[in-house]
Amino acid sequence: MRRRSVLLAAVPVGLVSLAACGDDKSASSKASAAPSASASSVPPPKIVDGPLPAITAGTKFDEKPTVAKGTGDPSKNLAVKTVIAGSGKPVAENDFIQANYLGQIWSTAKVFDQSYDRSPLVMQLAQGSIIDGWRYALAGRKVGSRVLMAVPPTWGYGTSGNSQAGIKGTDTLVFVVDVLDSFNSKSSSTGKEVAQSDAALPKVGTNTDGKAPSIDIPKADPPKKLVSNYVLEGDGAEVQAAQTILCQFEGVVWDSGKTFEQTYSTGRLSQFSVEQMQEVVKGLAQGITGKKVGSRVMIVVPPDLAYGNNPPSGGVVKKGSTLVFSVDILAAM
């Protein structure tokens with residue numbers, strides 16, 4: 001079983017609500033990448049340069065680090081230092097980032113969590129989705145950067161701590177974060193264009209500007225079996241059935257060409273578990289599995305792998321509808 005990072009807030013992963021989809025007008029309220037949260041009860045921190053413990057081994061970018069124990073008392077403010085400056089795009093609050101990290105306790109150097117031996121974490125720098133220390137420390141840092149920070153309880157786990165991770169309510173936490181990539185509502189797949197030569201299948205646009213690609217459906221009967229083809233082929237790892245993906249997508253009905261759900265005009269991305277999507281639109285989950293991260297995929301889902309004779313009420317999906325998806329697979333974890 002994939003271990004859940006202790007960094008993530010105790011809120012459910014934001015699943016696109018395909019089971020309740022209606023028409024495109026309702027998509028903006030359903031394609032949320034993360035749940036909304038109430039206003040923070042703590043003020044933004046003052047960001048200072050230190051003190052910070054030294055990284056004593058694993059000093060290269062994306063190399064598992066070893067960090068010394070903190071000396072003396074940590075700052076009551078948020079201490080942040082860019083150890084390695086990246087040259088990529090700057091990260092903004094509410095962006096998703098893909099990162100490797102190590103977290104330990106200031107006073108003992110006990111490591112309570114790290115991703116280097118697993119896989120990079122994909123998370124949103126948004127209130128309610130991640131600890132506040134990360135939100136403030138990483139905003140404005142560039143992709144390709146290694147960031148060292150010391151997070152006091154106020155912007156970590158508060159006075160309650162995190163007993164599961166062995167963190168007390170008085171513990172200052174030290175993190176090393178390697179920012180591998182970032183994504184927002186303007187992100188698109190950037191893979192290599194693949195020929196779409198089958199006239200009996202929909203043709204999907206190849207634009208990479210973050211806008212919705214066109215989906216042109218032929219005047220023909222839909223295929224009886226699942227189809228999953230590359231439009232843009234990325235060079236990332238293949239998506240596994242146990243993973244969660246971050247994506248842009250649009251879904252249309254074959255017969256009418258009407259959009260029933262999409263992310264492109266909502267200002268949000270979609271993040272969902274492939275396993276959980278098996279319970280919603282099985283064909284979508286199957287069509288994504290095995291495809292490379294960084295790709296745009298065209299998926300045709302026959303009724304028996306979609307909603308069959310039980311479509312969501314009040315929407316453009318009818319009994320026996322064949323669905324067509326264009327999915328930009330931005331990241332997987």
| message | Assess the residue pair Leu232 and Lys192 against the criterion (side-chain contact (heavy atoms from CB on, under 4.5 Å)); give the C-alpha distance rounded to whole Å, side-chain angles, the decisive distance to 0.1 Å, and a yes or no. | response | CA-CA 5 Å; Leu232 301 172; Lys192 182 178 179 181; over 6 Å; no

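- The distance from the CE atom of Met123 to the CD atom of Gln98 is 9.0 Å, given to the nearest 0.5 Å.
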| request: Check the pair Lys292 / Asp235 against salt bridge (Lys or Arg N to Asp or Glu O under 4.0 Å), numbers first and verdict last. | output: CA-CA 6 Å; Lys292 297 175 184 177; Asp235 58 4; over 6 Å; no

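- Residues Met149 and Leu173 share a single hydrophobic cluster, defined by chaining ILVMFWY side chains whose heavy atoms lie under 4.5 Å apart.
- Thr263 and Gln248 share a donor-acceptor pair across their side chains, judged by distance under 3.5 Å alone.
- Ring centroids of Phe260 and Phe325 are separated by less than 6.0 Å, placing the two rings close together.
- Looking at Gln240, its side chain never comes within 3.5 Å of a backbone N or O of Ala242 through a donor-acceptor pair.
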| field | Verdict with supporting geometry, Arg135 and Ile130, side-chain contact (heavy atoms from CB on, under 4.5 Å) | value | CA-CA 7 Å; Arg135 287 175 52 216; Ile130 199 74; 3.5 Å; yes

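- Across every non-hydrogen atom of Ser189 and Leu330, the tightest pair is N-CD2, 4.0 Å.
- When side chains are defined from C-beta on, Leu269 does not count as touching Asn184, because their heavy atoms never get closer than 4.5 Å.
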| request: Could you please spell out the steps behind the ring pair (Phe, Tyr, Trp, His ring centres under 6.0 Å) verdict for Phe175 and Phe112? | output: CA-CA 10 Å; Phe175 292 99; Phe112 57 83; 5.8 Å; yes

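- Counting heavy atoms from C-beta outward, Val151 and Thr172 have side chains that stay 4.5 Å or more apart.
- Under 4.0 Å is where a charged nitrogen must lie from a carboxylate oxygen, and between Arg118 and Asp113 at least one such pair does.
- Asn100 and Asp178 form no side-chain donor-acceptor contact under 3.5 Å, judged by distance and modelled atom types alone.
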| field | From CA spacing to verdict: side-chain contact (heavy atoms from CB on, under 4.5 Å), Val42, Asp132 | value | CA-CA 9 Å; Val42 297; Asp132 284 337; 3.9 Å; yes

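- Salt bridge absent: Lys81 and Asp49 never bring a charged side-chain N and a carboxylate O closer than 4.0 Å.
- The cationic atom of Lys291 (NZ for Lys, CZ for Arg) lies less than 6.0 Å from the six-membered ring centre of Tyr230 and within 45° of the ring axis.
- For the pair Tyr116 and Pro65, the minimum side-chain heavy-atom distance is below 4.5 Å.
- Each of Val80 and Ile55 belongs to its own hydrophobic cluster when Ile, Leu, Val, Met, Phe, Trp and Tyr are linked at side-chain heavy-atom distances under 4.5 angstrom.
- A distance of 9.0 Å separates CG in Leu284 from OG1 in Thr289, rounded to the nearest 0.5 Å.
- Counting heavy atoms from C-beta on, the side chains of Gln196 and Asn229 never come closer than 4.5 Å.
- Counting only N and O atoms by type, the side chains of Asp95 and Ser182 include no donor and acceptor under 3.5 Å apart.
- The backbone N or O of Val317 sits nowhere less than 3.5 Å from a side-chain atom of Ser321 that would complete a donor-acceptor pair.
- For the 3.5 Å distance criterion, the side chains of Gln271 and Thr244 fail to qualify, holding no donor opposite an acceptor.
- When atom types are taken as modelled, the side chain of Trp106 and the backbone of Gly72 share a donor-acceptor pair closer than 3.5 angstrom.
- Taking the side chain as every heavy atom from C-beta outward, Tyr101 and Trp134 approach each other to under 4.5 Å.
- Note that the CD1 atom of Ile167 and the OG atom of Ser160 stand 12.0 Å from one another [nearest 0.5 Å].
- The backbone N or O of Gly283 lies less than 3.5 Å from no partner atom in the side chain of Gln286, so there is not a single donor-acceptor pair.
- Arg268 CZ to Asn94 CG: the interatomic distance, rounded to the nearest 0.5 Å, is 10.0 Å.
- A donor-acceptor pair under 3.5 Å links the side-chain atoms of Thr108 to the main chain of Lys110, judged by distance alone.
- Judged by distance alone, the side chain of Gln104 and the main-chain N or O of Ala68 form a donor-acceptor pair under 3.5 Å.
- Checked for salt-bridge contact, Asp328 and Arg296 meet the test: a charged N lies under 4.0 Å from a carboxylate O.
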| Worked check of side-chain contact (heavy atoms from CB on, under 4.5 Å) between Leu52 and Val174 | CA-CA 8 Å; Leu52 287 163; Val174 178; 5.5 Å; no

